[in-house]
Amino acid sequence: MNTIELTNLPLRIAITMDGNGRWAELRGKPRIVGHRAGSHTVRRIVRACRRLGVQELTLYAFSEQNWGRPINEVDGLMTLLEEFLVQERDEILQNRIRLRGIGNLERLPPHVRESLELLAEASRDHQGMTLSLALSYGGREEIVDAARTLARQVAAGELTPDDVTEERLTALLPSMRHGAPDLMIRTGGELRVSNFLLWGAAYSELFFSDILWPDFQVEHLYQAIAAYQRRQRRFGLVSNSNTLGPCPTSLSGS
Ligand code: IPE
Ligand code: IPE
Ligand code: MG
């Protein structure tokens with residue numbers, strides 16, 4: 001049983017939804033069956049986060065590297081994505097969820113891009129929760145894009161090299177628009193980041209679960225949040241009771 005304190009929620013949660021393929025293979029089924037089962041998990045976790053009052057949920061749905069998978073798997077994933085965007089449209093709008101895509105969206109097939117753009121446009125002013133779908137997303141690629149933009153501004157004489165600051169780079173990263181993730185969850189048992197939110201992850205709390213994504217229940221989400229709430233975030237400092245360090249007078253012995 002996991003008890004969650006509603007006063008100390010991770011406001012921004014990011015999830016690497018991994019393990020669909022293995023879930024299907026364990027059942028002797030094609031991988032796409034696992035992806036379909038995984039899309040049901042997406043629905044229940046989005047609802048749960050919305051109910052809890054999470055401000056932003058970022059879901060790693062398809063990486064830039066995933067384009068290298070067999071064409072039938074990629075096509076199947078794109079079809080599922082479009083189905084999700086069409087079927088969830090009403091619920092997303094009714095729940096005042098703001099949906100957006102982050103990643104190299106130009107690479108998505110036009111039919112998927114269009115559904116995404118329509119829903120992003122229809123929900124752009126919603127304040128309920130931001131649902132960011134990382135699609136054709138890569139953390140390195142996102143940082144390179146931002147660096148290229150800054151380099152162009154320097155080349156054009158609009159900025160000097162000293163103007164290339166952490167703040168300016170952050171401002172150019174779509175994944176950082178609402179801030180860095182507080183809690184990053186990865187299902188499926190792998191202990192790696194796989195090119196997700198590299199910049200924002202600098203001080204995120206990490207939670208790894210062995211559960212394969214199609215089996216991930218709301219209870220598992222609560223487990224991750226409860227674990228987050230038991231941790232102390234320090235951001236490179238010392239714990240709260242010691243934030244000022246040793247008292248100088250006691251060091252001098254006076
Ligand atoms: C995650 O599940 C979904 C995507 C990457 C699109 P996988 O398809 O990677 O599942 P496993 O890791 O092979 O089990
Ligand atoms: C990360 O999972 C990408 C998504 C969940 C969309 P992968 O299955 O692609 O990552 P690796 O290959 O195990 O690192
Ligand atoms: Mg995987």
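Everything numeric here is computed off the predicted structure, so don't read it as measured data. Sequential numbering from 1 along the given sequence is applied to the chain's residues.
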Non-hydrogen side-chain atoms of Thr130 and Gln55 separated by less than 4.5 Å: no

Residue pair Arg186 / Ser194, side-chain donor-acceptor N/O under 3.5 Å: yes

Distance-minimising heavy-atom pair for Thr3 and Ala226: O-CB, 4.0 Å

Main-chain N/O of Ser63 paired to Asn66 side chain as donor or acceptor, under 3.5 Å: yes

Least distance between heavy atoms, Ser209 atom then Phe216 atom: OG-CE1, 4.2 Å

Residue pair Arg22, Glu190: steps toward the salt bridge (charged side-chain N to carboxylate O under 4.0 Å, His left out) verdict: CA-CA 12 Å; Arg22 278 164 286 161; Glu190 308 291 3; 3.6 Å; yes

Interatomic spacing from OG in Ser115 to CD in Glu83 - rounded to 0.5 Å: 11.0 Å

Donor + acceptor pair across side chains of Ser175, Glu142 (<3.5 Å): yes

Met17 with Tyr60, same ILVMFWY side-chain cluster at under 4.5 Å: no

Over 12 non-hydrogen atoms of neighbours within 6.0 angstrom of CD in Gln65: yes

Polar side-chain atom of Asp163 near backbone of Thr160 as donor-acceptor pair, under 3.5 Å: yes

NZ/NE/NH1/NH2 to OD/OE distance under 4.0 Å, Glu121 and Arg100: no

Heavy-atom side-chain contact between Arg51 and Arg47 under 4.5 Å: yes

Interatomic distance, Gln127 atom CD to Ile97 atom CD1 [nearest 0.5 angstrom]: 13.0 Å

Trace of the salt bridge (charged side-chain N to carboxylate O under 4.0 Å, His left out) decision for Glu64 with Arg140: CA-CA 10 Å; Glu64 188 76 348; Arg140 286 181 177 171; over 6 Å; no

Close side-chain approach of Leu169 to Leu150, heavy-atom, < 4.5 Å: yes

Distance-minimising heavy-atom pair for Pro214 and Ala37: CB-CB, 3.7 Å

Closest heavy-atom pair and its distance - Asp215, Trp23: OD1-NE1, 2.9 Å

Heavy-atom side-chain contact between Glu73 and His35 under 4.5 Å: yes

Taking every non-hydrogen atom, the tightest pair across Leu206 and Phe208: CB-CE1, 3.9 Å

Derivation of the side chain to side chain contact (heavy atoms under 4.5 Å, CB included) call for Ile225 and Leu9: CA-CA 7 Å; Ile225 295 175; Leu9 276 180; 4.2 Å; yes

Hphob cluster co-occupancy, Leu131 + Leu173, side-chain heavy atoms under 4.5 angstrom: no

Test: Arg69 cationic atom under 6.0 Å from Trp67 six-membered ring centre, within 45° of axis: no

Trp213 side chain to Asp18 side chain, donor-acceptor N/O pair below 3.5 angstrom: no

Sub-4.5 Å side-chain heavy-atom contact between Glu25 and Arg31: yes

Over 12 non-hydrogen atoms of neighbours within 6.0 angstrom of CZ in Arg36: no

Steps toward side chain to side chain contact (heavy atoms under 4.5 Å, CB included) verdict (Arg168, Leu172): CA-CA 7 Å; Arg168 280 208 169 83; Leu172 289 168; 5.7 Å; no

Side chain to side chain contact (heavy atoms under 4.5 Å, CB included) between Leu108 and Phe62, worked out: CA-CA 10 Å; Leu108 296 173; Phe62 193 83; 5.5 Å; no

Any donor-acceptor N/O pair, Asn195 side chain to Gly139 backbone, under 3.5 Å: yes

Presence of salt bridge, Glu91 and Arg43, under 4.0 angstrom: no

Arg12 (side chain) donor-acceptor with Leu57 (main chain) under 3.5 angstrom: no

Check against side chain to side chain donor-acceptor pair (under 3.5 Å), His178 and Glu56: CA-CA 7 Å; His178 303 285; Glu56 183 181 20; 4.8 Å; no

Arg233/Asp182 ion pair, N-O < 4.0 Å: yes

Residue pair Leu85 / Leu116, side-chain heavy-atom distance below 4.5 Å: yes

Same apolar cluster: Ile13 and Leu99, side chain cutoff 4.5 Å: yes

Joint cluster assignment, Ile92 & Leu135, ILVMFWY side-chain distance < 4.5 Å: yes

Within-4.5 Å side-chain heavy-atom neighbours: Met176 and Trp199: yes

Glu158 atom CD, neighbour heavy-atom count above 12 within 6.0 Å: yes

Rounded distance (nearest 0.5 Å) linking atom CZ of Arg98 with atom CG of Leu119: 11.5 Å

Crowding at CZ, Arg124 (>12 non-hydrogen neighbours, <6.0 Å): no

Side-chain donor or acceptor of Arg113 paired with backbone N/O of Glu106 under 3.5 Å: yes

Pairwise side-chain contact, Leu26 with Leu212, heavy-atom cut-off 4.5 Å (strictly under): yes

Sidechain-backbone polar pair: His220 side chain, Gln217 backbone, donor-acceptor under 3.5 Å: yes

Donor on one side chain, acceptor on other, Gln232 and Arg234, under 3.5 Å: yes

Heavy-atom pair with the smallest gap, counting every atom of Pro181 and Ser204: O-OG, 2.7 Å

Euclidean distance, Asn72 CG relative to Ile32 CD1, rounded to 0.5 Å: 8.0 Å

Parallel, tilted or perpendicular, as decided by the 30° and 60° cut-offs, for the rings of Tyr137 and Phe196: perpendicular

Sidechain N-carboxylate O distance under 4.0 Å for Arg148, Glu141: no

ILVMFWY network linking Val46 to Ile211, side-chain heavy atoms under 4.5 angstrom: yes

Asn104 backbone acceptor or donor facing Ser136 side chain under 3.5 Å: yes

Residue pair His126, Arg96: steps toward the side chain to side chain donor-acceptor pair (under 3.5 Å) verdict: CA-CA 5 Å; His126 288 176; Arg96 314 298 294 161; 3.1 Å; yes

